[in-house]
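Chain letters run A, B, ... following the sequence lines, proteins first and then strands; every chain starts at 1.
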Protein chains: 2
Amino acid sequence: MKKSIEKNDLDEFINKCKSFGLKITPQRIAIYQEVLVSSNHPSAEAIYRNIKDTHPNISFDTVNRTLLTFADMGLIQIVEGSGDARRFDINTEQHHHVRCTKCGSITDFYWEKYNNLEIPEEIHEKFSVNKIRVVIEGICNSCQLSSISNE
Amino acid sequence: MKKSIEKNDLDEFINKCKSFGLKITPQRIAIYQEVLVSSNHPSAEAIYRNIKDTHPNISFDTVNRTLLTFADMGLIQIVEGSGDARRFDINTEQHHHVRCTKCGSITDFYWEKYNNLEIPEEIHEKFSVNKIRVVIEGICNSCQLSSISNE
DNA sequence: ATGTTTGCAAATAGTTTGCATCCAG
DNA sequence: CTGGATGCAAACTATTTGCAAACAT
């Protein structure tokens, strides 16, 4: 429950920006504050709409770019797969995904232990469940190598 | 390992089409065959490129629409979240997602049992893992209700 | 002062829709 | 024949890029 913004949050944010060499701008603070009070999984558009009330001059691009920056900083995350082109999954057997967050590749894997995961009663009450899958995200070896060689 | 197309596959496909009242067209067969030999998680664009060699007259739209139709039929699936606008995940605690495939809402949930899932050695060898999450897909209650009232 | 960030506009990419024509049943 | 399917084009939507002006440090 992180609905009240505390001074601590802001200090932490400022330090984090500094550690990444980023400037503290009013826009970034506004976006960060909006992020703190957001529930759900807002799109850049949604954040933009909410911020516009109090900061009428902010541009959508700034919001979008800033959110991307925050994701780089690890302050927030991008919901798996969203924002990419639609991909189809041909494999109809029970399987799981590892996704490289750098190159976007998705690899299937099989792992007995994930196949009969129990589903919380609470979920069954609120959803008619069709599918359950484990999604692992990381950086694949070849992306790892290429980022080393780029430095 | 489904790399060789067998007559069975095609018969099964034809029956499935019939059961959905869909016509068997050369395009649908070509797309289905391409799907069968696809590994990875192709985009409509990728399928289109591969098919174009043997079916130069096929249009991208047909490929895209047909893949969507196949997904409706349950023949293939859409990779979770792909094709949607980018969404941000504000919640940095370990949590999991239930997604309604109808309205696109994503709801966080917490479930102790999912929090320390073992990761296969094979994955650790090939990826530097950042995140693991369980994603459940289904239809939420309010979508369920609205689809009943629409009939 | 100076290099980053912002806001705007334009470019690009991905997806959807409308419609005339075509073809499977 | 006839209704569903296709191909094309245009409309939309989402995302990215380039750049001049503004601002934080």
Sugar-phosphate only, base, or nothing, as touched by A/N64 at under 4.0 Å among non-hydrogen atoms: base
Residue whose nearest DNA chain D nucleotide is more 5′ - B/D84 or A/K18: B/D84
Sugar-phosphate, base or nothing in reach of B/L67, heavy atoms under 4.0 Å: nothing
Nearest-Å distance for atom pair CD1/C1', residues A/I58 and C/dG7: 10 Å
Gap between atoms NZ and C1', on B/K52 and D/dG7 respectively (whole Å): 12 Å
Between P of C/dT15 and OH of B/Y48, the distance in whole Å: 15 Å
B/H96-B/D108 side chain donor-acceptor pair, cut-off 3.5 Å: no
Contact under 4.0 Å: B/T25 side-chain N or O vs D/dT6 OP1/OP2: yes
d(CZ, B/R28; P, D/dG4) in whole Å: 11 Å
Candidates C/dC19, D/dT15, C/dT6 - which lies nearest the side chain of B/A85: D/dT15
Position toward the 5' end of DNA chain C (nearest nucleotide), A/S59 or B/L68: A/S59
D/dT16 OP1/OP2 closer than 4.0 Å to side-chain N/O of B/R86: yes
Of B/V37, B/L36, B/V35, the residue whose pairing with A/I90 passes side chain to side chain contact (heavy atoms under 4.5 Å, CB included): B/V35
Closest non-hydrogen atom pair between B/T101 and B/I139, with its separation: OG1-CD1, 3.5 Å
Between P of C/dT4 and CG of A/D72, the distance in whole Å: 16 Å
A/Q27 vs D/dC23: side-chain N/O to OP1/OP2 distance below 4.0 Å: no
A/D89 and A/R133 ion-paired at < 4.0 Å: yes
Between C/dT4 (C1') and A/K23 (NZ): distance, integer Å: 4 Å
Between C/dT5 (P) and A/I31 (CD1): distance, integer Å: 12 Å
base_contact_polar (D/dA9 base, B/D61 side chain, donor-acceptor, <3.5 Å): yes
Non-hydrogen atoms of B/R99 and B/I106 that approach each other most closely: NH1-CD1, 3.8 Å
Which residue lies more 5' along DNA chain C, comparing A/V63 with B/I24 via nearest heavy atoms: A/V63
Contact under 4.0 Å: A/T62 side-chain N or O vs C/dG7 OP1/OP2: yes
B/I29 CD1 to D/dT6 C1', straight-line distance once rounded to whole Å: 15 Å
